[in-house]
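Note sheet for the following structure.
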Amino acid sequence: MTTTTSYTVCTICDAGCQMRAVAEDGAVTKILPHDSPALARNICYKGTAAPQIHNHPDRLRVPLKRVGARGEDRWEEITYAQAIDEIADRLQAVVDTHGPEAFAVSTSGWNTQTTHGFDRRFMNLLGAPNWISGVSLCAGNTAAVNRLTYGWFPFPDLMNTNCIVLFGHNPRKHSWTPIYNMVEAARARGAKVIVLDPRVSEQAEKADLHLQLRAGTDAAMCLGWLKVIFDEGLYDATFVRDWCVGFDELRARVDEYPLERVEQITGVDRELIAEAARAYATADGGCIPWTPVTDQQISSTSAIRLHSILRAVTGNLDVVGGEMLNGIHPGWRTEADLQMHDAISPEQRAKQLGYSTHPVYTYRTAEMLRPHLQRVWGREWMDQVMGCHMANPSEVFRAMADGDPYPIKAFFALGNNALLSYPNQHQIHRGLMNQDLVVAHEIFMTPTAMLADYVLPGDVFTERPHVADTWGWGNRLTLSEQAVQAPEQASSTFRFWTDLGRRMGFAEHFPWDDLEALLDHRLEPSGRTYASFAASVVMEQAPPEYRKYRKVGFATPSGKVELSSSILGDLGFDPLPYHREAPAPSEQYPYRVFTGVREDPFFQTGQRNIPVLRRRSPSPKLFLNPDDAAGDGLVDGQWARLETPTGAVVAKVAVQSNMLRGHVRVPHGWWYPETRGALPLAGAFVSSDAVLCADGDEFLDAEQGIPHFKGFAGRVVACAPPDHMSTETLEG
Ligand SMILES: Nc1nc2c(c(=O)[nH]1)N[C@H]1C(S)=C(S)[C@@H](COP(=O)(O)OP(=O)(O)OC[C@H]3O[C@@H](n4cnc5c(=O)[nH]c(N)nc54)[C@H](O)[C@@H]3O)O[C@H]1N2
Ligand SMILES: Nc1nc2c(c(=O)[nH]1)N[C@H]1C(S)=C(S)[C@@H](COP(=O)(O)OP(=O)(O)OC[C@H]3O[C@@H](n4cnc5c(=O)[nH]c(N)nc54)[C@H](O)[C@@H]3O)O[C@H]1N2
Ligand code: SF4
Ligand SMILES: [Mo]
C-alpha cells in the first residue's frame with residue numbers, strides 16, 4: 001500500500017483552512033490537522049468528513065446528457081468530448097440568434113477553486129457580460145461597496161486588535177473555524193467584543209456588550225454610533241482633516257439620527273448604543289470584520305458604507321489592530337489579471353443587466369474606478385472576493401424567465417446550486433425551464449443540475465493542484481497539493497473553460513494545457529514555478545506595512561476617503577448613507593423573518609446527503625421565541641409552515657429563549673437528496689428559504705439591487721410533517 005500526505009486547502013466551506021490529506025492507494029482516507037501548531041486548530045468536522053464527501057457513491061463521475069423532459073432527472077452517459085462538442089454548438093446557436101448577452105453564468109468560485117478567472121475570460125472573449133455569483137450576497141458585494149469609500153476592501157487585524165465589533169457575524173467552532181479561533185485568541189488577550197444581533201448568538205453570549213437590535217436596522221444603528229462619536233468628539237480629527245472628504249455633509253446627515261430616533265428604529269436602549277459606540281471609538285485599534293448580514297439587507301449599501309466610514313473616522317484604517325489595506329501579492333497574477341476585461345467591448349459591457357438600474361456592483365462602477373485602482377494598486381480591474389462587476393442576479397433570472405429586457409437563453413452553473421441560492425426561487429425555476437441550454441458543473445446531482453441539459457462531473461480540492469490567494473482579498477498565498485486523481489471523467493472548471501474556449505475559436509487565449517502550467521504562469525512574476533513553490537512554501541505572506549495611503553493615497557476619485565461618495569453621487573444616488581425599511585410586518589404577516597444562522601454540519605445547500613453530517617441536523621428548523629410560539633399555539637419539535645406573500649416552506653419549530661420576540665429564523669439551503677426520484681427536484685421547494693424571499697423593488701437595496709433577507713414579513717402556522725419526514729428514520 002502506498003500512503004502519501006499532502007497539504008490541501010479545504011473548500012467544503014469558504015474559510016479555506018489548510019490541512020493535510022492522507023491518501024492510501026489513490027483515495028483520500030483521512031484528513032489530519034495542520035502540522036504547524038499555530039494552524040492545527042483551523043479545522044472543523046466538515047473538513048474531516050472530506051473522505052466521506054469525496055468518496056461518496058453518488059459522486060458524479062461521468063458526463064450526463066438529459067434524455068427526459070427538463071427537470072425529470074433522466075440521463076444518458078456520454079463522453080466528455082461529446083459533451084464539450086454539443087455544448088459548444090448549442091451555445092454558438094444561442095449567441096448567433098440572440099447575441100452573447102443571452103448567455104449567463106452563475107458560480108461562486110469558493111469550491112471549484114480552479115476558476116482562475118477563466119469563466120470571465122471566456123465570456124469576455126465572447127462578448128458576454130452576464131456573469132453572476134453567490135458572492136453577490138456574501139463579501140463580494142461588500143468589497144464593491146468598500147471600494148466606493150476608500151478603494152479597497154480591508155481585512156481586520158484580528159491578531160492585534162483591542163476591540164471586535166460583530167454585526168450579526170457569528171463564527172463558531174464548526175462555522176468559519178479560523179475566524180472563530182482568531183476571535184477567541186483576541187478575547188483571551190483582553191480584546192473587547194461587541195455583538196449586534198437580534199438573537200443571543202454564541203458570540204453574543206460571550207460578548208462584553210450585546211445590542212439586541214431588530215433585524216434589518218444595522219444602518220440606523222451605525223448612524224447612531226456616528227452621532228455619539230461626532231457629538232462626543234471621539235473621532236480622529238487629524239485623519240479626517242487630512243485624509244477624508246465630505247465630513248460636513250456626513251455630519252449633517254448623522255444629525256438627522258439622534259439617539260431617540262435610533263432607539264426607536266433598532267429597539268436598543270440609547271445608553272447601550274452610546275456605550276458601544278464609545279467602546280469601539282476609544283479602543284486603541286478596533287475592527288469591524290466583514291459580515292454577511294449587511295450584505296443581505298435593503299439598506300445594504302448604506303450599512304456597508306457606514307462600516308467603512310466608522311473605520312475611517314475612528315482612525316482604524318491601515319493601523320495595528322484596525323483594518324489592513326494589504327493589496328495583492330506582488331509575485332502573483334490574480335484572477336482579475338486573467339479575466340481579460342478589455343476584450344469585451346464597452347457596448348457589450350453596458351448591456352450587463354443591472355448596469356443602469358443597480359450599478360454599484362456592475363461594470364458601470366468598475367469603469368469609474370479604473371484609473372484610481374490603476375494609480376494605487378497598479379491594476380485597472382480588481383476582483384476581490386471572487387466577483388466584481390457582475391450582473392444583477394434578479395434581473396438575470398427575470399431575463400431568463402420573461403425575456404425582459406432581452407432574452408437569456410443559455411445558463412451555466414458551476415459549483416453553484418443556483419436554484420436555491422438567490423431570492424425568488426420560483427422565478428429562477430421559470431428561468432431555468434425557459435432555456436435552450438443549461439449546463440451544470442457539479443460533484444453531486446443537485447436540484448439545479450437536475451434542470452440541466454448536460455451535467456459535467458467536477459473534481460474536488462484533493463484532486464487538483466492550487467495556490468489559494470484568499471480570494472484576491474489579501475496577499476497570502478497558500479499551497480494546496482493534488483493528493484489523488486479525480487474519478488473517471490471528473491475534471492476541473494479550468495479544464496471545462498479551456499476545452500470550450502479552444503472549441504469555440506479562442507485557442508490562442510487558452511494556451512495552458514494543465515493546471516500546473518497555469519499556476520506556473522500565475523507565479524511567474526515571483527520567478528517561481530508551481531513545483532518550486534510547492535517544494536519550498538506551505539503558506540507565505542509579506543509582513544504588514546501600515547498607513548500605505550501616505551505614499552499612494554486611496555483608490556477613489558479624490559484620492560481620499562470619501563465619506564460622501566462622489567461615485568454614488570455621479571450615479572444619481574444619495575452620496576450619503578441613510579436607513580431604509582422593507583415593507584413592515586402587518587397583522588396578517590406579523591413576524592420579521594431572517595434567513596441564515598448557518599448550520600454547523602453543512603455548507604450552504606450542500607452535504608444533506610452525507611450521513612455523518614446530516615445526522616447532526618436531520619431537519620430544517622424555524623427558531624421562535626417562547627412567547628411568540630405560545631401565542632401561536634406552537635410547541636418545540638412540531639412542524640410548521642412559514643408563509644410570506646411570496647411563498648411558503650415547512651420546517652420544525654425550535655423554541656429558543658435566545659430569539660428576540662417578533663422574529664423568526666429560517667435556515668438557508670434545504671433540500672432532501674434522499675427524496676430523489678420521489679419528490680420533484682428532490683424537494684427543492686419544500687424547505688428552501690429562497691422560496692420566501694421576494695426581489696421586487698420594495699425589497700431591493702437601491703444601489704446594488706441585492707435582496708432583503710434580514711427582516712421580511714411572514715407568519716407561522718402549524719402543519720403536518722412533509723410525507724418524507726413523517727417517519728423517524730431520518731430524524732434518529
Ligand atoms: N436564498 C439564499 N441565497 C443565498 C444565501 C442565503 O442565505 N439564502 N446565502 C448566500 C451566501 S452567504 C453564499 S456564500 C452563497 C453560496 O453560494 P455557493 O458557494 O455557490 O453555494 P451553493 O449554492 O450551496 O453551491 C455550491 C455547490 O457546489 C458544489 N461543489 C462543491 N465542491 C465542488 C467542486 O469542487 N467542483 C464543483 N464543480 N462543484 C462543487 C456543491 O455540490 C454545491 O452544489 O449563496 C448565497 N445565496
Ligand atoms: N458550518 C457552517 N459555517 C459557515 C457556513 C455554513 O453554511 N456552515 N457558511 C459560511 C458563509 S458563506 C457565511 S456567509 C457565514 C455566515 O455566517 P455568519 O456571519 O455567522 O451569519 P449567519 O449565520 O447567517 O447569521 C449570523 C447572525 O446574524 C443574526 N442576524 C439576523 N438578522 C440580522 C440583522 O438584520 N442584523 C444583525 N446585526 N444580525 C442579524 C442572526 O441572529 C445570527 O445569529 O458562515 C460561514 N460559515
Ligand atoms: S472551517 Fe471546516 S469546512 Fe470550512 S474550510 Fe475549515 S475545515 Fe473546511
Ligand atoms: Mo456566505
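In each ligand, atom 1 is the first atom listed, and ligand 1 is the first ligand listed. Reckoned from all heavy atoms, side chains included, excluding hydrogens, waters and symmetry mates. Index from 1, following the sequence.
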Q. N/O of Asp197 under 3.5 Å from N/O of ligand 2, yes or no?
A. yes
Q) Does the N or O separation between Asn170 and ligand 2 drop below 3.5 Å for any pair? A) yes
Q. For ligand 2, which atoms sit closer than 4.0 Å to a heavy atom of Leu196?
A. 37 (C), 38 (N), 39 (N)
Q) Is it true that Tyr7 and His34 have ring centroids separated by less than 6.0 Å? A) yes
Q. Quick check, are the ring centers of His307 and Trp290 under 6.0 angstrom apart?
A. no
Q | Within the 6.0 Å centroid threshold, strictly below: Phe461 and His54 | A | yes
Q. With a cut-off of 4.0 Å, which atoms of ligand 2 are near a heavy atom of Gly596?
A. 24 (O)
Q. Are any of the N/O atoms in Arg172 less than 3.5 Å from those in ligand 2?
A. no
**Q.** Under 3.5 Å: N/O of Lys46 near N/O of ligand 2
**A.** yes
**Q.** Atom indices of ligand 2, in the order listed, that fall short of 4.0 Å to a heavy atom of Gly216
**A.** 34 (C), 35 (O)
Q: Mind checking whether Glu442 contacts ligand 1 via backbone (N, CA, C, O), side chain (CB onward), both or neither, at a 4.0 Å heavy-atom cut-off?
A: both
Q: Can you figure out which of Ser175, Ala215, Pro198 has its heavy atom closest to atom 40 (C) of ligand 2?
A: Pro198
Q) Among Thr107, Ile87, Leu456, Asp119, whose side chain to side chain contact (heavy atoms under 4.5 Å, CB included) with Phe412 holds? A) Ile87
Q. With a cut-off of 4.0 Å, which atoms of ligand 3 are near a heavy atom of Lys46?
A. 3 (S)
Q) Quick one: which ligand 1 atoms are inside 4.0 Å of a heavy atom on Thr446? A) 44 (O)
Q.
Show me which atoms of ligand 2 lie under 4.0 Å from any heavy atom of Phe167.
A. 38 (N)
Q: Can you pull out the closest protein heavy atom to atom 7 (S) of ligand 3? Residue, atom name and distance to 0.1 Å, please.
A: Cys44 N, 3.4 Å
Q | Atoms in ligand 1 flagged as close to Gln604, the criterion being non-hydrogen separation under 4.0 Å | A | 9 (N), 10 (C), 11 (C), 12 (S), 13 (C), 14 (S), 15 (C), 16 (C), 21 (O), 24 (O), 45 (O)
Q. So, Cys10 and atom 8 (Fe) of ligand 3: N/O/S under 2.8 Å, yes or no?
A. yes
Q) Which is it for Ser421 and ligand 1 at heavy atoms under 4.0 Å: side chain, backbone, both or neither? A) both
(Q) Any nitrogen or oxygen of His441 lying under 3.5 Å from a nitrogen or oxygen in ligand 1? Just yes or no. (A) yes
Q: Using distance alone, decide if ligand 1 has a nitrogen or oxygen within less than 3.5 Å of any nitrogen or oxygen in His668.
A: yes
Q.
Checking contacts here: is it the side chain or the backbone of Asp689 that comes within 4.0 Å of ligand 1, counting heavy atoms only? Could be both or neither.
A. side chain
Q. What do we get for Leu420 next to ligand 1 when only non-hydrogen atoms under 4.0 Å count, side chain, backbone, both or neither?
A. backbone
**Q.** Per-atom contacts, ligand 1 versus Asp459 - under 4.0 Å to a heavy atom
**A.** 34 (C), 35 (O), 36 (N)
Q) Looking only at distance, does Phe602 have an N or O less than 3.5 Å from an N or O of ligand 2? A) yes
Q: Do me a favour and list the nearest non-hydrogen protein atom to atom 6 (Fe) of ligand 3 with residue, atom name and distance?
A: Cys17 SG, 2.3 Å
Q: Would you mind listing which atoms of ligand 1 come within a distance below 4.0 Å of any non-hydrogen atom of Arg464?
A: 35 (O)
Q | Location of contacts on Tyr422 toward ligand 1, heavy atoms closer than 4.0 Å | A | backbone
Q. For atom 13 (C) of ligand 2, which of Gln212, Gln203, Arg598 has the closest heavy atom?
A. Arg598
Q | Element-labelled atoms of ligand 2 that are located less than 4.0 Å from some non-hydrogen atom of Pro292 | A | 14 (S), 16 (C), 18 (P), 19 (O), 21 (O)
Q: May I ask you to check if Arg665 and Phe594 form a cation-pi contact, with NZ or CZ under 6.0 angstrom from the six-membered ring centre and within 45° of the axis?
A: no
(Q) So if I count the atoms of ligand 2 from 1 in the order they appear, which ones are less than 4.0 Å from some heavy atom of Trp290? (A) 14 (S)
Q: Report the part of Leu213 (side chain from C-beta onward, or backbone N, CA, C, O) that has a heavy atom under 4.0 Å from ligand 2; answer both or neither where that applies.
A: side chain
Q) So which bit of Thr291 gets within less than 4.0 Å of ligand 2, heavy atoms only: side chain, backbone, both or neither? A) neither
Q. Using the ring of each side chain (for Trp, its six-membered ring), is Tyr280 parallel, tilted or perpendicular to Trp225, with breaks at 30° and 60°?
A. tilted
Q | Atoms of ligand 1 close to Phe603 [distance to a heavy atom under 4.0 angstrom, numbered from 1] | A | 19 (O)
**Q.** Gln203: which of Ile194, Asn170, Asp197 passes side chain to side chain contact (heavy atoms under 4.5 Å, CB included)
**A.** Asn170
Q.
Starting from atom 46 (C) of ligand 2, what is the nearest protein heavy atom, named by residue and atom, and what distance separates them?
A. Trp176 NE1, 3.0 Å
Q) For atom 4 (Fe) of ligand 3, which protein heavy atom lies nearest, and how many Å away is it? A) Cys13 SG, 2.4 Å
Q: Could you pull out, from Val597, Thr177, Leu613, the option with a heavy atom nearest to atom 24 (O) of ligand 2?
A: Val597
(Q) Students should be able to answer this: which protein heavy-atom is nearest to atom 1 (S) of ligand 3, and at what distance? (A) Thr177 OG1, 3.5 Å
Q: With heavy atoms under 4.0 Å as the rule, classify the contact between Asn416 and ligand 1 as side chain, backbone, both or neither.
A: both
(Q) Give the atom numbers and elements of ligand 2 that come within less than 4.0 Å of a heavy atom of Lys710. (A) 32 (N), 35 (O)
**Q.** Proximity winner for atom 18 (P) of ligand 2, if only heavy atoms of Gln297, Met221, His174, His169 are counted
**A.** His169
Q. What atoms of ligand 1 come closer than 4.0 angstrom to any heavy atom of Cys138?
A. 11 (C), 12 (S), 13 (C), 14 (S)
Q.
Taking 4.0 angstrom as the limit and counting only heavy atoms of Ser201, give me the atoms of ligand 2 inside it, by number and element.
A. 44 (O)
Q: Mark up the atoms of ligand 1 that fall under 4.0 Å of a heavy atom belonging to Ser108, in ascending order.
A: 18 (P), 19 (O), 20 (O)
